[in-house]
Amino acid sequence: MLTVKTIENNRESIVSRLKVKGFDAEAIVDEIIETEGTRRKKQAELETLFAEQNRVAKDAGVRIGALKKEGKHEEAEIVKQNAAEESAKFKTLSAALETEVAQLEKQLHDKLVLLPNLPHESVSAGKSAEHNEIVKESGTIPEATQLPHWELATKYGLIDFEAGNKLTGAGFPVYTGKGAKLQRALISLFLDHNTEKGYLEVQPPLLINADSGFGTGQLPDKEGQMYHVTDDDFYLIPTAEVPVTNLYRNVIVAENELPIKLTAYTPCFRREAGSYGKDVRGLNRLHQFDKVEIVQITKPELSYAALDEMVAHVEELVKKLGLPYRILRLCGGDISFHSALTYDFEVYSTAQERWLEVSSVSNFESFQSNRLKLRYKTQQKKTELLHTLNGSSLALPRIVAALLENNQTDKGIIIPDALVPYTGFDIIS
RNA sequence: GGAGAAAUGGCCGAGUGGUCGAAGGCGCGCGCCUGGAAAGUGCGUAUACUCCAAAAGGGUAUCAAGGGUUCGAAUCCCUUUUUCUCCGCCA
């Protein structure tokens, strides 16, 4: 959510920059500025009213006190009655104004949440995924025409898709044997890699409340994409980003604690309504999957350096696994509502002959922290919004898909060296 | 789940109807003192919004949250939430 101040002070540039995201902000920005003007005026009126009321009460109080001391109880009673009448008048006026202000605030809020984050200047105006810029491509792509991972998973007894269908439904696979062990190994490898680089490991709840959903932007924007436990009004987390970032909701961080670097492994739950076809085959798109996430909270002026650092960090991890990968800078049409700049990592899936997204690293600037009320105190004792960033490091299913497909040999599936200490085996056969 | 107690600033803690955004202490910041430090000592030390060109200085709100009583609420009443203690249940 952009701050009202930002909108007021940068009307023109906001409208033009949001065009990069294909968003026509002109009307809504004007409405926000107008509503805010009215709100402020009404708020000032209301506060003046309160000030008068406070003064009346104070004066009356002083007089009542004095009169009572002198034993003039009847006179005190008269003062009391006068004050009561005045107070009643104020209350009628202020009640009306309060309703008005509350309505204006709601209107303002409803409009503010419609505005996407401003894209970084390096974000191009492309309309869809084809227009993303390939920043880097690395690794050798093996020969094609081998078994897809869903066949390999069945062949080696790694994943039981049918059992998942029975227990829950499509998109909830059951990992078995070396398949299950591989999951655990990947999670450990990823977490170790992250903690070695100074990320603090946390284990958050998997259900969150609506306030948390709002803080990171899943609510109200992506309401339908989360599983909702209606009896308790909880949501299953779609990513660890939500609980981990929300640790800092309503927090004023001490400057010396920055930057904050956190990592968490969690299962992720996504309804993915409307997905179908080859995109969802096997491990390509699941309702429940495992992911290790990294989150950083930094001072505004350092957030892009942090983004670069996170991209480099994720790249190391992909390299450790020996998978061919590429890094994309998302264009305006493909970047998310909340992000200012996003880099996607994709690994090549040999049998499917296509790239699979395995990580998305984003700088949200102050878009989340404004919702979260996540701030720090500057040297000048000003409180200022911080910047939040996060990235997958990494999401498991498509990594597994690529590992299985790319590393298959006549003898079996070769486990990358970096992973062997965690799996305890170097081949799946 | 049942019974009871509690919730005050960064922390501890005082405050049962008025001049209380809140004593006192700790911590922290800036001084003084000192050769340097400790001790001592002086001053300062919440957040949001808002008025003012800015600063200085005002205004409003906030003592878990929401509502109520009252001329006036940290203080009284109601609801909710959370925490603690005891009992029950339980991995």
Side-chain angles (χ1 to χ4, degrees), chain A residues 1-9 32-109 111-112 203 205-215 229 231-234 243 246-258 260 366 369-386:
Chain A
M1 192 163 70
L2 300 173
T3 65
V4 181
K5 276 217 173 88
T6 311
I7 295 168
E8 285 180 320
N9 297 335
I32 287 171
I33 292 171
E34 200 198 318
T35 310
E36 169 65 4
T38 320
R39 186 202 67 84
R40 209 178 284 167
K41 213 179 91 207
K42 293 287 175 188
Q43 182 70 36
E45 282 177 34
L46 184 62
E47 285 177 8
T48 311
L49 211 55
F50 283 145
E52 285 171 29
Q53 193 176 347
N54 286 345
R55 208 177 43 244
V56 167
K58 209 168 177 179
D59 289 351
V62 171
R63 279 196 285 159
I64 291 167
L67 288 169
K68 278 193 174 168
K69 236 182 211 169
E70 297 168 28
K72 300 175 179 170
H73 289 285
E74 279 180 29
E75 284 179 47
E77 210 48 45
I78 292 168
V79 174
K80 220 185 216 186
Q81 263 175 28
N82 287 339
E85 278 167 32
E86 279 209 67
S87 165
K89 258 187 270 172
F90 280 129
K91 269 185 188 149
T92 321
L93 287 173
S94 63
L97 261 178
E98 265 180 326
T99 327
E100 217 174 322
V101 169
Q103 279 169 355
L104 286 165
E105 275 171 356
K106 187 177 182 306
Q107 281 173 25
L108 196 61
H109 182 266
K111 281 172 193 150
L112 280 171
Q203 233 182 73
L206 307 181
L207 285 96
I208 48 114
N209 57 30
D211 283 345
S212 297
F214 177 78
V229 182
D231 274 357
D232 298 287
D233 200 18
F234 293 149
N246 270 283
L247 287 171
Y248 286 88
R249 170 149 50 84
N250 261 318
V251 170
I252 296 177
V253 182
E255 195 174 6
N256 61 15
E257 286 176 43
L258 296 167
I260 290 161
S366 61
S369 57
N370 184 35
R371 290 179 168 215
L372 293 160
K373 301 254 170 292
L374 163 53
R375 295 158 295 178
Y376 82 112
K377 206 164 262 192
T378 64
Q379 308 254 328
Q380 293 78 35
K381 301 276 182 191
K382 289 256 179 195
T383 47
E384 203 169 278
L385 292 173
L386 287 161

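Being a predicted model, the structure only gives us computed values, none of them experimental.
- A donor-acceptor contact shorter than 3.5 Å is absent between the side chain of A:S87 and the backbone of A:A83.
- Residue A:A51 has its side chain nearest to B:rG59 when only B:rG59, B:rC49, B:rA61 are considered.
- When the P atom of B:rA61 is taken as reference, atom CD of A:E105 falls 15 Å away, rounded to whole Å.
- The distance from atom CD of A:Q53 to atom P of B:rU70 is 13 Å, rounded to the nearest whole Å.
- If you check every strand for non-hydrogen atoms under 4.0 Å, A:T48 touches nothing.
- A gap of 14 Å separates the P atoms of B:rA65 and B:rC11, to the nearest Å.
- When the C1' atom of B:rC49 is taken as reference, atom CZ of A:R375 falls 12 Å away, rounded to whole Å.
- Distance CZ/A:R39 to CG/A:L46: 11.0 Å, rounded to 0.5 Å.
- A distance-only check finds a donor-acceptor pair linking the side chain of A:S369 to the backbone of A:L386 [under 3.5 Å].
- Using atom P as the reference point in both B:rC32 and B:rG36, the two lie 11 Å apart (nearest Å).
- To the nearest angstrom, P of B:rU50 lies 11 Å from CG of A:L108.
- Between A:R55 and A:Q43, the residue whose closest nucleotide on RNA chain B is further toward the 5' end is A:Q43.
- Note that CG of A:D59 and CD1 of A:I64 are 10.5 Å apart. Values are rounded to the nearest 0.5 Å.
- Residue A:R39 has its side chain nearest to B:rC49 when only B:rA61, B:rC71, B:rC49 are considered.
- Backbone-only contact: A:A83 has heavy atoms under 4.0 Å from sugar-phosphate atoms and none from a base.
- For A:K58, counting side-chain heavy atoms from C-beta on, the closest listed nucleotide (B:rC71, B:rC49, B:rU19) is B:rU19.
- No contact: A:L46 has no heavy atom under 4.0 Å from any strand.
- Using a 3.5 Å distance cut-off with no hydrogens or angles, the side chains of A:E47 and A:Q43 do pair a donor with an acceptor.
- Between A:K89 and A:E86 there is no salt bridge, since none of the side-chain N atoms of the basic residue sits less than 4.0 Å from a carboxylate O of the acidic one.
- No side-chain heavy atom of A:R63 sits less than 4.5 Å from a side-chain heavy atom of A:E75.
- Taking only side-chain atoms of A:E47, from C-beta outward, the nucleotide of B:rC49, B:rC51, B:rA61 with the closest atom is B:rC49.
- Note: CZ (A:R371) to P (B:rA48) measures 20 Å, nearest angstrom.
- B:rU62 atom C1' lies 13 Å from atom CG of A:N250, rounded to whole Å.
- Residue A:D59 is out of contact with every strand shown, counting any heavy-atom pair closer than 4.0 Å.
- Within the 4.0 angstrom heavy-atom criterion, no nucleotide atom of any strand lies near A:K42.
- Rounded to whole angstrom, the span from the CD atom of A:E85 across to the P atom of B:rG72 amounts to 13 Å.
- A 3.5 Å limit on both hydrogen-bonding distances identifies B:rC43 as the Watson-Crick or G-U partner of B:rG29.
- Listed by residue number, A:S87, A:K91 are the residues of residues 87-104 of chain A with a heavy-atom contact under 4.0 Å to RNA chain B.
- Of the two residues contacting RNA chain B, namely A:R40 and A:I252, the nearest-nucleotide position lying further toward the 5' end is that of A:I252.
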